[in-house]
Amino acid sequence: DNDHVQAGQWLVRLDPTDAKIALEQAEAQLAQTVREVRTLYANNRTQGAQIALREADLARAQADLQRLQDDVTRRQPLVASGAVGQEEFKHATAQLAAARSSAEAARAAVLAAREQLAANQSLTEGIAVDQHPNVLRASARVREAYVALQRAELQAPVAGYVARRNVQLGQRVPAGSPLLSVIALDQVWVDANFKESQLKNLRIGQPVELSADVYGKNVKYHGTIDGLGAGTGAAFALLPAQNATGNWIKVVQRVPVRVRLDAKELVDHPLRLGLSMEARVDVSQTDGRMLADAATAPQEVQTNVFEQDNREADARVRQIIGQHSGPAAARTAVSRADKLPAAPAPGALALAH
């Protein structure tokens, strides 16, 4: 408690064993996924070769069919004159029927190969390996596991002072349990609880002069009204009052008014949370608003301590994908037109599409 820490300084180190195992599993799954996706691209080339093979079988079957058809056409007139016997003609006719069946089977095989190629290309068309949905899903798991491992070493998001330290060495920490607080004393403000009867004179932007009991009346702080509360303290209490009975007594309510302090004065005389202060507002300036303007941009509070974890996780994902992506040709999306065989000639037997 009370130690001063800088932004990015480690505060607590948790046992990283479980996080390391989860990261190793995620990295192995990503490597396996990249290789499986590469197989999809390789199958496209295999299916293209299968189509070429099936079309060669179809061309051979069509040639046999045409030859047998010519044989039957020549023998048919000779049957009547007895130059060709009935048995020989029937044998040629049977061979023609078998050739027709073979040609139909070859056409069906070509059509099946084309459909199989189209089905495979629907999984890979237009994207590279590293942009495939399966790879992106596995990459996200690696990033998640990597960040979880890095956050086993808890870092201070901002510079400040340690307060309410609850964690002890060797303690088993349940998820979501608070370990300690880091108070940025250079970003504190004052909630001045003015009476509701005083609100008519208060405006946003009015100058405020404050004094703290911890330093006495000789030390003055200067600030401006940053906002007026949207409700009284009683309205947001755990058990808000319900004054609906007949013996109701009016009690003057207090409304929190936020006062922004001068950062330079806080450096010279730092404050602590929960201190008592006396605030005096110069109400002569009445051109401000009682409530904040919706067009006013809110003051953002952010930290860049954890950006390094995200960059390292992305670098680790790219490294794994590069190690298992193989040759550059395998990482290029195969276009549909490059792999589909040429259409048959007009005189050939066309496939139904």
Side-chain angles (χ1 to χ4, degrees), residues 1-16 19 143-144 146-193 204-205 207-230 233 236 238 256-279 281 292 296-313:
D1 283 332
N2 305 325
D3 281 349
H4 184 268
V5 295
Q6 298 293 337
Q9 178 180 342
W10 72 271
L11 303 175
V12 179
R13 289 192 176 103
L14 304 176
D15 182 9
R143 292 187 181 94
E144 180 183 10
Y146 188 89
V147 171
L149 176 60
Q150 296 301 312
R151 291 181 180 175
E153 183 178 281
L154 305 183
Q155 298 175 334
V158 295
Y161 293 86
V162 175
R164 296 196 303 173
R165 176 180 178 271
N166 300 319
V167 63
Q168 300 296 333
L169 182 64
Q171 177 182 351
R172 185 174 183 85
V173 181
S177 59
L179 305 182
L180 50 85
S181 299
V182 177
I183 310 300
L185 294 180
D186 58 340
Q187 301 176 13
V188 297
W189 64 89
V190 173
D191 279 336
N193 295 303
I204 295 178
V208 184
E209 185 179 86
L210 307 99
S211 61
D213 293 343
V214 67
Y215 293 113
K217 300 292 185 179
N218 294 329
V219 177
K220 298 295 183 181
Y221 294 89
H222 299 85
T224 56
I225 294 181
D226 199 29
L228 279 72
F236 296 112
L238 181 61
V257 177
R258 180 162 179 164
V259 179
R260 181 184 300 178
L261 298 176
D262 188 351
K264 295 181 180 179
E265 295 178 348
L266 288 176
V267 174
D268 297 334
H269 298 89
L271 295 172
R272 299 293 186 268
L273 300 185
L275 294 179
S276 298
M277 301 192 74
E278 181 180 349
V281 183
T296 303
Q299 183 181 5
E300 295 183 359
V301 179
Q302 58 185 2
T303 178
N304 57 0
V305 170
F306 307 109
E307 293 180 358
Q308 182 66 24
D309 296 342
N310 297 329
R311 290 194 294 267
E312 292 177 355

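Note that this is a predicted model, so its numbers are computed, not measured.
- Using cut-offs of 30° and 60° on the angle between ring planes, the pair Y215 and Y221 is tilted.
- Taking 4.5 Å as the limit, every side-chain heavy atom of L275 sits out of range of all side-chain heavy atoms of D213.
- Counting heavy atoms from C-beta outward, V182 and L11 have side chains that approach closer than 4.5 Å.
- Not a single donor-acceptor pair under 3.5 Å links the side chain of E153 to the backbone N or O of W10.
- Residue Y146 holds its OH atom at 10.5 Å from CG of N310, rounded to the nearest 0.5 Å.
- Atoms CZ and CG, from R13 and L154 in turn, are 10.5 Å apart once rounded to the nearest 0.5 Å.
- Within a 6.0 Å radius of CZ in R164, no more than 12 heavy atoms belonging to other residues, nucleotides or ligands are found.
- When all heavy atoms of Q9 and H4 are compared, the pair lying nearest together is OE1-O, 4.4 Å.
- Here the straight-line distance linking atom CG of D3 with atom CG of L180 works out to 10.5 Å at 0.5 Å rounding.
- Closest heavy-atom contact between E265 and H222: OE1-N, 2.7 Å.
- Here the shortest heavy-atom pairing between A156 and V5 reads CB-CG2, 4.0 Å.
- With rounding to the nearest 0.5 angstrom, the CD atom of Q6 is 13.0 Å from the CD atom of Q155.
- At most 12 heavy atoms of other shown residues, nucleotides or ligands fall within 6.0 angstrom of atom CZ in R172.
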Intermediate values then yes/no, side chain to side chain contact (heavy atoms under 4.5 Å, CB included), L273 and V188: CA-CA 8 Å; L273 300 185; V188 297; 3.9 Å; yes
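- Between M277 and L271 the shortest side-chain heavy-atom distance falls below 4.5 Å.
- D226 contributes atom CG, which lies 10.0 Å from atom CG of L261 (distance to the nearest 0.5 angstrom).
- Of all heavy-atom pairs between N193 and P256, the closest is OD1-CA, 3.6 Å.
- The side-chain heavy atoms of V162 and D1, taken from C-beta on, include a pair separated by under 4.5 Å.
- A279 and L210 get closest at one heavy-atom pair: CB-CD2, 3.8 Å.
- Nearest heavy-atom pair across P270 and V267 is CD-O, 3.9 Å.
- Rounding to the nearest 0.5 angstrom, the gap separating the CG atom in L266 from the CG atom in L185 is 8.5 Å.
- At least one side-chain heavy atom of R258 sits under 4.5 Å from a side-chain heavy atom of D191.
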